[in-house]
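The block underneath contains the structure these notes are about, expressed in structure tokens.
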Amino acid sequence: MEAQSSSGLLPRKRRREGSNGETDEGERLVKIPRCTVGLKHPAPFADELEPADNKPYQRVSMEEALRGTPLERPVRVYADGIFDVFHSGHARALMQAKCLFPNTHLIVGVCSDDLTHKYKGFTVMNEDERYDAVTHCRYVDEVVRNAPWTLTPEFLAKHRIDFVAHDDIPYSSAGSDDVYKHIKDAGMFAPTQRTEGISTSDIITRIVRDYDVYVRRNLQRGYTAKELNVSFINEKKYHLQERVDKVKRKVRDVEEKSKEFVQKVEEKSIDLIQKWEEKSREFIGNFLQMFGPEGALKHMLKEGKGRMLQAISPRHSPSSSPTHEERSPSPTFRLPFFTKTSLSPSPLPHHSGSRGYLISNKDRSLED
């Protein structure tokens, strides 16, 4: 990893995630400029390349490699492996190998199925699939098919290898405590670091641990029980479990929707209650304003009562009685059969429009 940071090709620190997926404190992601660095073609196979020049094979020392070599003479680094179920851990290991030196030509060796099944175990992908996966890794310059399990001097000379890159954990296999021991003793070993938490064995362990889940997954996607090596009874069991899970999901969806509906109803009921309280306060206020002790109705009744009393009460008589002269004359009436000569006329007070003679009360008494 030190070589990675010193080369300047990795300006972004690797993110280490814990169980909760959060970045460790003290680490930060450095922004890099946008650029198009993708390759258009996969890496070639070694047996398809033209033979190297006839110059004798001469290794580059570690000091020369770190200092930098001419473009026409890159440092040839070799990394080998099984690369089954190619994942990010493989890619990171090859990236570290590529970034060991300023001018690096990365050669990757992939072991065949026969060697792998003999020394390590059965693989998920066959050798052709593993070869093809490695050729499409952006850090790889050349791929060696059917790579040897133990590196021999003849193989190193044939491919003009300067250094071998691998993690420095002793790799015991093929009756040896460390198959890279002779490489380390020769000063050709360049250590890299493993990526924790990801490996082919980890991925296979996940699949085996959740076997039923992945079998049901593939049955649902159209694979037959024969292709999955599943018995008839287990197939029916998985189909039944899938139906039960669908019912559970539907029930869960109904519960969530019902909770959302109840929540909406509660919110609306709260709004209705608040509006009702506001309207009730407004109604009570208007009622008190109209019918309260000092309301408008009381004032209207008082005013109406006063007007009614004023209308039905008699007029007040004058404070002093009028004199005899001021009193109005007694009512008189005219006798049409009297003549002017029969009785002496008594003049009446002048009234506009009155003619003839009037008989006073005194004359009426004499006639009786």
Flag yes if [X] and [Y] sit in one hydrophobic cluster, no otherwise; membership is Ile, Leu, Val, Met, Phe, Trp, Tyr, and two members link when side-chain heavy atoms are under 4.5 Å apart.
| X | Y | answer |
| --- | --- | --- |
| Leu228 | Tyr211 | yes |
| Leu100 | Val60 | no |
| Ile270 | Phe261 | no |
| Ile203 | Val208 | yes |
| Leu272 | Phe283 | no |

Please confirm whether the backbone N or O of Arg217 pairs with a side-chain atom of Arg221, one donor and one acceptor, at under 3.5 Å?
yes
Give a yes or no answer on whether the side chain of Asn103 reaches the backbone of Pro70 with a donor-acceptor pair at less than 3.5 Å.
yes
Quick check: are there more than 12 heavy atoms from other residues, nucleotides or ligands sitting under 6.0 Å from CG of Leu49?
yes
Please determine whether the number of non-hydrogen atoms from other residues, nucleotides or ligands lying under 6.0 Å from atom CD of Glu277 exceeds 12.
yes
Could you check Phe83 against Leu94 for side-chain contact (heavy atoms from CB on, under 4.5 Å), going step by step and ending with a plain yes or no?
CA-CA 11 Å; Phe83 302 105; Leu94 298 179; 4.2 Å; yes
Is there a side-chain contact between [X] and [Y] in this structure, where contact means two heavy atoms from C-beta onward sitting under 4.5 Å apart?
| X | Y | result |
| --- | --- | --- |
| Val110 | Val144 | no |
| Leu151 | Tyr78 | yes |
| Tyr223 | Val230 | no |
| Glu142 | Leu106 | no |
| Asp185 | Tyr180 | no |
| Thr150 | Tyr119 | no |
| Lys237 | Asn234 | yes |
| His166 | Phe189 | yes |

Glu154 and Lys158: CA distance, side-chain angles, deciding distance, salt bridge (Lys or Arg N to Asp or Glu O under 4.0 Å) verdict:
CA-CA 6 Å; Glu154 292 77 17; Lys158 176 183 177 181; over 6 Å; no
Can you see which heavy atom on [X] is nearest to which on [Y], and at what distance?
| X | Y | result |
| --- | --- | --- |
| Thr104 | Pro74 | C-CB, 4.4 Å |
| Val134 | Val140 | O-CG2, 3.7 Å |
| Pro44 | Asp141 | CD-O, 3.3 Å |
| Thr69 | Glu64 | CG2-O, 3.9 Å |
| Ala147 | Leu115 | O-CD1, 3.5 Å |
| Phe155 | Ile161 | CE2-CD1, 3.9 Å |

Looking at [atom1] of [X] and [atom2] of [Y], how far apart are the two atoms once the value is rounded to the nearest 0.5 Å?
| X | Y | atom1 | atom2 | result |
| --- | --- | --- | --- | --- |
| Ile273 | Trp276 | CD1 | CH2 | 9.0 Å |
| Phe232 | Lys236 | CZ | NZ | 4.5 Å |
| Thr195 | Asp202 | OG1 | CG | 11.5 Å |
| Tyr57 | Arg76 | OH | CZ | 9.0 Å |
| Glu255 | Lys248 | CD | NZ | 12.0 Å |
| Asp168 | Thr192 | CG | OG1 | 8.0 Å |

Taking the basic N atoms (NZ, or NE/NH1/NH2) and the acidic carboxylate oxygens, is any pair closer than 4.0 Å for [X] and [Y]?
| X | Y | answer |
| --- | --- | --- |
| Glu256 | Arg249 | no |
| Glu260 | Lys264 | no |
| Asp253 | Lys246 | no |
| Lys226 | Glu235 | no |
| Asp113 | Arg130 | yes |

Name the orientation class of the two ring planes belonging to Tyr171 and Trp149 (parallel below 30°, tilted from 30 to 60°, perpendicular beyond 60°).
tilted
Which of parallel (below 30°), tilted (30 to 60°) and perpendicular (above 60°) describes Phe101 and Phe163?
tilted
Determine, stepwise, if the pair Leu156 / Met188 fulfils side-chain contact (heavy atoms from CB on, under 4.5 Å).
CA-CA 10 Å; Leu156 297 175; Met188 299 177 62; 4.0 Å; yes
Of Asp212, Val213, Asn218, Leu219, which meets side chain to side chain contact (heavy atoms under 4.5 Å, CB included) against Val215?
Leu219
From Glu127, Glu129, Met125, residue fulfilling side chain to side chain contact (heavy atoms under 4.5 Å, CB included) relative to Asp84:
Met125
Between Ser112 and Asn146, does any side-chain donor sit less than 3.5 Å from a side-chain acceptor?
yes
